[in-house]
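Heads up, the thing below is written out as structure tokens.
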Amino acid sequence: MAENNTLQSIISHAKEYGFIFPSSEIYEGLSAVYDYGPLGVELKRNIKELWWKHMTQFHKDIVGIDSSIFMHPKVWKASGHVDSFNDPMIDNKDSKKRYRVDHLIEDHVAALPEEEKMLILERMEEMLGAEDLEGLSEMIEELKIVCPISKTANWTEIRQFNLMFSTKVGSVADEANEIYLRPETAQGIFVNFSNVQKTSRKHIPFGIAQIGKAFRNEIVARGFVFRMREFEQMEMQFFIRPGTQKEWYEYWKEERLKWHQSLGIPAENFRFHDHVQLSHYADMACDIEYKYPMGFRELEGIHSRTDFDLKNHQEESRKKLQYYDHTLNEDGKPYGNYIPYVLETSVGLDRLILMLMCHAYTEEDLSTEDRKDSRVVLKFHPRVAPIKLAILPLTRKDGLPEIAEQLFDDCKMEFKCFYEEKDTIGKRYRRMDALGTPFCVTIDHQTKEDDTVTIRYRDSMEQERIPMNQIKELVQKAIK
Ligand code: ATP
């Protein structure tokens with residue numbers, strides 16, 4: 001199947017089964033904004049929970065916070081977002097379409113031989129880093145890039161476009177009241193550094209984790225929930241002693257890669273991409289990329305942010321953001337006062353969801369000689385599956401629903417169950433396959449006699465008869 005078709009099939013599946021809907025769909029939708037439906041929200045909560053536990057429970061030196069979306073406007077001045085959170089863009093005068101310059105060039109060179117492509121992309125990254133807009137313009141001309149819609153090379157000049165959304169606070173519409181919707185959650189952690197360090201009595205090295213919404217006015221939104229204007233991030237800032245960033249960088253790269261694999265995705269689907277051109281705040285940075293249907297793309301960023309953010313906030317706010325380190329150095333003296341360095345891990349929750357959907361989505365041909373048959377199944381790891389167990393009485397009578405309800409009550413506090421009486425058992429199994437439910441249990445007349453049930457495994461479609469009182473433990477074991 002062509003790769004675009006795969007993404008298209010996943011988008012349709014996500015909508016049909018209540019994972020993800022276009023926002024405000026009855027008004028034709030809002031570009032690059034999506035809503036999570038009943039199944040999607042369960043999937044999302046499971047991933048958040050796994051990440052949160054991994055960060056704040058598994059690592060004893062990480063605590064969490066939940067900071068606000070609105071922040072003082074000076075935050076974004078100090079962080080560099082007002083001046084440098086820009087994407088260069090270009091318009092085609094004939095089609096009136098606007099493009100991100102890097103996307104336009106990347107798409108154009110996608111089909112070139114690997115070596116030639118890498119040379120062009122490296123040159124492009126250097127120019128992006130140096131904000132060499134003229135150079136980029138020349139490159140577009142040199143490569144004879146045309147607009148995919150108008151097919152002409154009638155381009156405007158390249159301009160920088162700030163990605164932050166702004167709004168006004170209060171009733172007086174003057175400039176002093178202009179504030180931004182946060183484009184990243186990280187700054188909420190930096191401005192709370194002292195509050196958290198003092199109240200949680202943490203010593204360096206320690207981390208602060210946060211999950212929350214972020215907003216970016218992306219010029220070109222594409223790839224479904226891969227690039228949205230409103231999205232959710234899961235970020236962790238790890239505060240360290242200056243000079244130790246290399247070892248922590250390596251540690252967090254490996255740690256995060258292992259975590260992604262723990263969601264049931266094999267190693268060959270990931271790769272690291274080291275940044276040639278570093279952002280204004282970083283001295284080392286890489287992306288963990290996942291092999292989406294549209295190719296390897298950034299899933300998570302690992303950034304060594306030095307003391308850039310805390311130092312700038314200290315200057316802008318005139319409040320000390322230093323830390324006194326009592327640990328003794330090689331000369332037997334305390335390290336003393338310094339502004340900590342920061343190692344950041346930043347993953348997009350929606351990109352994680354898309355990764356899990358892409359990996360899980362499978363079309364299977366089950367045809368036999370006499371009968372055509374197929375199924376769509378989402379092969380989620382039981383840990384992330386929105387529903388863990390479907391409880392299905394074979395009929396609506398003879399006391400079977402009552403037994404099924406009992407099993408439901410016994411399991412419902414432990415994990416998410418689903419109860420369904422309608423349709424044939426075969427249809428119900430297929431629906432559960434499409435939702436990614438790893439286990440179905442059928443209660444039939446034999447259950448009344450010997451307390452056994454049929455358990456049906458989603459991936460193999462095998463069925464076996466086991467005592468009903470073993471079901472809860474079986475599911476619990478699978479999601480541990
Ligand atoms: P890209 O190069 O794809 O625009 P970025 O390098 O700007 O991403 P970061 O600023 O490092 O992204 O943000 C950290 C993470 O937040 C990314 O790795 C990604 O998972 C997620 N993210 C960033 N922008 C978006 C978006 N528009 N929609 C969904 N997730 C996003």
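For the single chain, residues carry numbers from 1 onward in sequence order. Whatever order the structure lists them in is the order used to number ligands and atoms, beginning at 1.
The 12-atom threshold is exceeded at NZ of Lys202, counting heavy atoms of other residues, nucleotides or ligands nearer than 6.0 Å. Counting non-hydrogen atoms of neighbouring residues, nucleotides and ligands closer than 6.0 angstrom, the CD atom of Glu268 exceeds 12 such neighbours.
Within the 4.0 Å heavy-atom criterion, neither part of Glu184 lies near ligand 1. Looking at Arg351 against ligand 1, only its side chain comes within 4.0 Å, counting heavy atoms. Heavy atoms of His303 found under 4.0 angstrom from ligand 1 belong exclusively to the side chain.
Residue contacts with ligand 1: Arg227 is placed with a nitrogen or oxygen under 3.5 Å of a nitrogen or oxygen of the ligand (distance criterion only). Considering backbone and side-chain atoms together, Val347 places no N or O closer than 3.5 Å to any N or O of ligand 1. Between Asp350 and ligand 1, a contact under 3.5 Å exists for no N or O pair.
In this model, a donor atom of one side chain and an acceptor atom of the other lie less than 3.5 Å apart for Gln237 and Glu344. Counting only N and O atoms by type, the side chains of Arg229 and Ser31 include a donor and acceptor under 3.5 Å apart. Using a 3.5 Å distance cut-off with no hydrogens or angles, the side chains of Asn92 and Ser150 do pair a donor with an acceptor.
With sequence neighbours left out, Tyr324 forms a ring-ring contact (aromatic ring centres under 6.0 Å, His included) with His326.
Using a 4.0 Å cut-off to heavy atoms of Met228, the atoms of ligand 1 that qualify are 26 (C), 27 (N), 28 (N), 29 (C). Under a 4.0 Å criterion applied to the non-hydrogen atoms of Glu298, ligand 1 contributes the atoms 2 (O), 5 (P), 6 (O), 8 (O), 11 (O), 12 (O), 17 (C), 18 (O). Atoms of ligand 1 found under 4.0 Å from any heavy atom of Gly301 (numbered from 1 in listed order, with element): 18 (O). Interface atoms of ligand 1 facing Glu218, defined by a heavy-atom separation under 4.0 Å, are 24 (N), 26 (C), 27 (N).
Distances from atom 23 (C) of ligand 1 to the heavy atoms of Glu235, Arg216, Glu344, Glu232 put Arg216 nearest.
Both tests pass for Arg351 against the ring of Phe226: distance under 6.0 Å to the centre and angle within 45° of the axis.
Among all protein heavy atoms, the one lying closest to atom 14 (C) of ligand 1 is Ser346 OG, 2.9 Å. Nearest non-hydrogen protein atom to atom 22 (N) of ligand 1 is Phe231 CE1, 3.5 Å. Atom 16 (O) of ligand 1 has as its closest protein heavy atom Gln233 NE2, 3.2 Å.
Each of His313, Arg182, His81 was scored for a side chain to side chain donor-acceptor pair (under 3.5 Å) with Gln187, with one residue passing: His313.
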For residues 112-121, which side-chain N or O atoms pair as donor and acceptor with protein atoms under 3.5 Å away, sequence neighbours left out?
residue	atom	partner	partner atom	Å
Glu114	OE1	Lys117	NZ	3.4

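Note on ligand 1: Glu300 sits in its first shell, one or more heavy atoms being nearer than 4.0 Å. Within the structure, the closest approach of Leu299 to ligand 1 falls below 4.0 Å when heavy atoms are considered.
Ionic pairing of Arg159 and Asp91 is present here: one or more N-O contacts between side-chain nitrogen and carboxylate oxygen are shorter than 4.0 angstrom.
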